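Whatever order the structure lists them in is the order used to number ligands and atoms, beginning at 1. No experiment lies behind these values; they were computed from the predicted model shown.
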Amino acid sequence: MQKLFERVETVPVNPYISLKRYLYTVQQAFIHARQYQREGNYEREALLLLRIATLVQKTISKHPNYNKIESANIVKEFRLHAQLAIKRLEEIKPLIDAKQNNCEDSQPANSVKDKSAPESESLNAGISTHSLSATKARTVQIHEDMLYVFESAARKNTKNNKETCGILAGVLKQRILVVTSLIIPKQTGKSDSCEMLNEEELFELQDRKSLMTLGWIHTHPQHPCFLSSVDVHTHASFQWILPESIAIVVAPTDKQRIGIFSLTHPGGLEYILQCQQRGHHPHPERVPKGYPGEGKPFYENCTHVELIRDDSIRFEVSFGKRSKLCPVRKHRVTNAVYCLFYHNIR
Ligand SMILES: [Zn+2]
Ligand SMILES: [Zn+2]
């Protein structure tokens, strides 16, 4: 049982992450779980639902603000999400059991049953880790122009040595994760970090348009093209929900300029999820001995990303809820930078 529970990594609570940010993570996880449900990928769906239940029960419930009176409403939401996750797990467990019984002759099952375990743990017992790790990463497609649009949207901040970040959101089309939306949320940036504000607005926008979070993009105004210790922690929370999540760094002063990264798995992801340090802090150069994926680098260039240059995918840029006047054609748009880019440069 313990071995399986480790498979659903229990993440230590980070008091610097607000409860609202955690809620956004849980909501996003549900969107991805529903997608797996539509694909009939019940093992992945179950793993994500287990992570939701575990995150709420074992991590978020230890947050210093969790028991404060002003958190009552958000706590209700967390509990509701955990209940929904467990209810759905109960529904799909027989489907997974049936599938695994069919596979049992050909591969060893890693599952151990334990009747005394709490709800999410006993549900956990039916999921073979073997079939999960065998799932191949889906391709992520992103239009190359989106990177330049982001760079131009960030130009003012970059000039002032402030980082800018954006969310890469999109849809699944014929087993390909297509980035269709660059969302630049309200944020505050410094020379070596940036923080999204108002996650509710971000979630509402994505929910309305049925957009999944596929990764994030940010600038390094004067730093090289790499993932800092803060970045790898930020990315771990994306990749923990969606293994194919990508982190794009735009570093105008670096020769490499643009990097598309993800954490190694097993390796960097597992190490970072258990690292309890916050802010900028040193990590070993490679995953240390005794950890899954020991000896690997913490992150690497993505091999599952396809940069699109033709018109086969369309994308939009939005700034949270705000719409803006296009500075060139004066029509009201939510994607002023996109317009600016196309009117001026094309
Ligand atoms: Zn960074
Ligand atoms: Zn760390």
Side-chain angles (χ1 to χ4, degrees), residues 9-17 21-22 25 55 59 62-63 142 146-147 150-151 153-168 182-185 187-197 213-241 245-302 305:
E9 308 87 351
T10 309
V11 187
V13 71
N14 179 350
Y16 298 103
I17 295 179
R21 181 71 221 271
Y22 272 121
T25 301
L55 187 71
T59 304
K62 298 197 176 80
H63 195 282
I142 181 166
M146 191 185 270
L147 310 180
F150 174 72
E151 199 177 341
R155 195 163 289 151
K156 200 172 153 197
N157 281 348
T158 304
K159 242 183 164 174
N160 294 323
N161 194 19
K162 270 189 196 167
E163 287 194 2
T164 307
C165 66
I167 291 288
L168 305 170
L182 164 64
I183 305 166
I184 303 179
Q187 56 189 277
T188 54
K190 292 190 211 155
S191 64
D192 60 358
S193 66
C194 62
E195 201 187 327
M196 291 190 297
L197 304 169
T213 301
L214 304 179
W216 63 301
I217 182 167
H218 77 292
T219 53
H220 279 181
Q222 291 176 13
H223 290 293
C225 193
F226 78 118
L227 290 182
S228 70
S229 57
V230 169
D231 295 339
V232 287
H233 277 264
T234 303
H235 193 63
S237 66
F238 285 92
Q239 203 172 323
W240 189 63
I241 302 177
S245 290
I246 57 172
I248 303 184
V249 178
V250 179
T253 58
D254 192 324
K255 248 205 291 188
Q256 190 187 340
R257 201 174 179 91
I258 287 168
I260 307 180
F261 306 113
S262 61
L263 299 175
T264 49
H265 171 58
L269 179 64
E270 287 71 15
Y271 183 89
I272 297 301
L273 285 172
Q274 60 73 47
C275 173
Q276 300 231 31
Q277 293 190 66
R278 304 298 164 216
H280 287 282
H281 57 277
H283 288 138
E285 227 164 78
R286 288 181 174 262
V287 176
K289 257 194 164 174
Y291 287 90
E294 63 177 53
K296 279 192 194 172
F298 276 64
Y299 62 89
E300 58 194 2
N301 287 308
C302 292
V305 176

Please check if the side chain of Tyr299 supplies one atom and the backbone of Leu227 the other of a donor-acceptor pair under 3.5 Å.
-> yes
For Thr164 and Ala154, the nearest pair of non-hydrogen atoms, with its separation, is OG1-CB, 3.5 Å
Please name the atom of Asp231, restricted to N, O or S, that is closest to the Zn ion (ligand 1).
-> OD2
Can any side-chain N or O of Lys296 pair as donor or acceptor with the backbone N or O of Pro266 at less than 3.5 Å?
-> yes
Within less than 2.8 Å of the Zn ion (ligand 1), any N, O or S from His218?
-> yes
So which heavy atom on His281 is nearest to which on Cys275, and how close?
-> NE2-SG, 3.6 Å
Give a yes or no on this: more than 12 heavy atoms of other residues, nucleotides or ligands lie within 6.0 Å of atom CZ of Arg155.
-> no
Could you please give the number of protein N/O/S atoms within less than 2.8 Å of the Zn ion (ligand 2)?
-> 4
Count the heavy atoms of every other residue, nucleotide or ligand shown that sit under 6.0 Å from CD of Gln187, and state whether that count exceeds 12.
-> yes
His235 ring center near Phe261 ring center (under 6.0 Å) = no
